[in-house]
K.L.:
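Just dropping this structure here.
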Amino acid sequence: MDPSLILTHIPRFQGLPLESKLVTYMTHNKPGMPPTISSTMMPSSVDNIMENMSNMTINVGQKMNAPQDYVDTLQGAVSPSKNSQLNVFSPEYTPKGNVNGTTYFYTPVVEPLIEEVPINNSHPLYFMGSDIRQDVLDKNAIALAEHNRPDDPNIPAEVQNYQELMLLEEPRTGPGPVTSTFRATNIKNGNSYCLRRVHDCKLTNKKSLAIIETWKKLLHSNIVGLKEVFFTKAFGDESTVFVYDYFPGSETMLSKHFAPKDVNGYVDPFSADPTAPRPYSHTKNTMLRHQHNNMLPESLIWNYVIQLTAAIRVIHAAGLSYRCLDPSKVLLTSNSRIRLSCVGVPDVVDYKDDTCQFQGEDLLTLGKLVLALASRSLLAVHRTDMQGSLDLISSTYSKDLRNLILYLLSNSAAKSVTDLMPMIGARFYTQLDAIQLQSDAIENELSKELDNGRLFKLISKIASINERPQFNMDPQWSETGDRYMIKLFRDYVFHQVDPNGRPWLDLAHIVSCLNKLDAGSTEQICLMSRDEKTVLIVTYAELKQCMETSFEGLLLESAKE
Ligand SMILES: Nc1ncnc2c1ncn2[C@@H]1O[C@H](COP(=O)(O)OP(=O)(O)OP(=O)(O)O)[C@@H](O)[C@H]1O
């Protein structure tokens, strides 16, 4: 296709080209129109032409049975093959008067607008931002990862309604019951879940079942939802399995903030086990090292405090207690989003009817966790090191943070999580603002993808129609009638070239055309066959009708028995 056709018509005159083949076609189809338009009428007559063109409608049914039809109809008018030396689309061409009964004219000196359009292939405006995209892709990849060791004799192929068990971490032995964590697929709905198996654990008190029911009803954005609990011998013992929502790619707070790290070539030999005996000098030096290298920003600590207290607040309000607040049980599911995992496990494994005391302990352990975060060391919670840690916090963070920790660590019997709200104060607003901004950003990304999905549907329809080798025993089906219009439109949208014949790739053009097609715009465009023998002016609305009719034909045929 000659690019000058596209270039002259694109935006300068509202998408209407002004070259001879077009006008020939128009005059041919519109008897009321003057047969010739002289170049001296330009540009004042351009508006008239536009007006006439916009009033012009094409009977879609009769539009084009085949390109040859139009060549025949236009015989004696424009026939580049007959006038091979005459290239009316060439930029050098000037009005030539009447040729073979048709007046040719050409808009003088039209700069190719393509040069004004920067070619940009990245177009972040049309697609999801690369960060969020990568994050979603990573999570999907983790969620779809092959389950490991399918022939592991210790992992059954199926447990209750779950299969494809994938061990997330090797079972760890130590004080308390041995547990192991799996990702598994539910047979009934195909969703992934996190299964926490407590080895060799039977139900000791039936009251636990009522507590489990309460946990199952507890839905909160900072708690990993408990779906069900079942007892099974599938692992070769009497195990209790807790089924939770699965969050691919999540990390524990322990590994995120307290994992042993190489600091200037030094790796702390005791960091993996904070309870192991160590020399006093080691503790002191560790604290000092953290003070200089690893302190978390105060805003992040408050962010965690708000999320943790939000979770504890609903747990306590439901008459429950968490009982296992520990950095290894706090999941970071994305960036700084916190979710408490393992809910309900202590209530089954070690049932005790003392909710009030356990709620107080939840607040105490919360104080220890915040202290550890603020000192960036699990050692900080040791009674002997606590004063040093608090001094460090006083010198690094605000008084409010120190007071919050002191309140949580105090022995007051009347402590309540709601007392923490005034201490957090206006930081709630900061957090709320951050969440709302993030929500806006995600909504924006979603709307882009929504648009892309809509355009993808259009492209699928166009591609299903174009170049179909045969339909209803008709090998010419995709080359005739409505389908031919869609083919020309496909060329117009995707196969443009610049004045040097190089591919002109502008996603903005493609998106704009497809959007107008989807909306059924009444804007007109000029379509031309590759051999330049066929030129058509159609509205997007007509093209949309052609596309829908053709695609419906395909659908009907495909649905036949
Ligand atoms: N609901 C969940 N969704 C996705 N991953 C999870 C979920 N719960 C735990 N995990 C992941 O499984 C891994 C093991 O979790 P687990 O709670 O066993 O940690 P742990 O530190 O080994 O604790 P424990 O001391 O009880 O063994 C962790 O990497 C954690 O991120």
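Atoms within a ligand are numbered from 1 in the order they appear, just like the ligands themselves. Heads up: numbering here begins at 1 and tracks the sequence.
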K.L.:
Taking atom types as modelled, find out whether Gln436 and Asp440 have a side-chain donor-acceptor pair closer than 3.5 angstrom.
P.N.:
no
K.L.:
Could you tell me whether the side chains of Ser398 and Asp400 share a donor-acceptor contact shorter than 3.5 Å?
P.N.:
no
K.L.:
Closer than 4.0 angstrom, basic N to acidic O: yes or no for Asp237 and Arg197?
P.N.:
yes
K.L.:
When Asp347 is tested against each of Lys206, Lys207, Arg323, Lys216 for salt bridge (Lys or Arg N to Asp or Glu O under 4.0 Å), which residue passes?
P.N.:
Arg323
K.L.:
Side chains of Ser377 and Ser375 only: does a donor on one sit below 3.5 Å from an acceptor on the other?
P.N.:
no
K.L.:
Taking the basic N atoms (NZ, or NE/NH1/NH2) and the acidic carboxylate oxygens, is any pair closer than 4.0 Å for Asp451 and Lys448?
P.N.:
no
K.L.:
Which parts of the protein, at residue level, reach under 4.0 Å of ligand 1 through a heavy atom?
P.N.:
Leu168, Glu169, Arg172, Thr179, Thr181, Cys194, Arg196, Val224, Asp245, Tyr246, Phe247, Ser250, Glu251, Thr252, Ser328, Lys329, Leu331
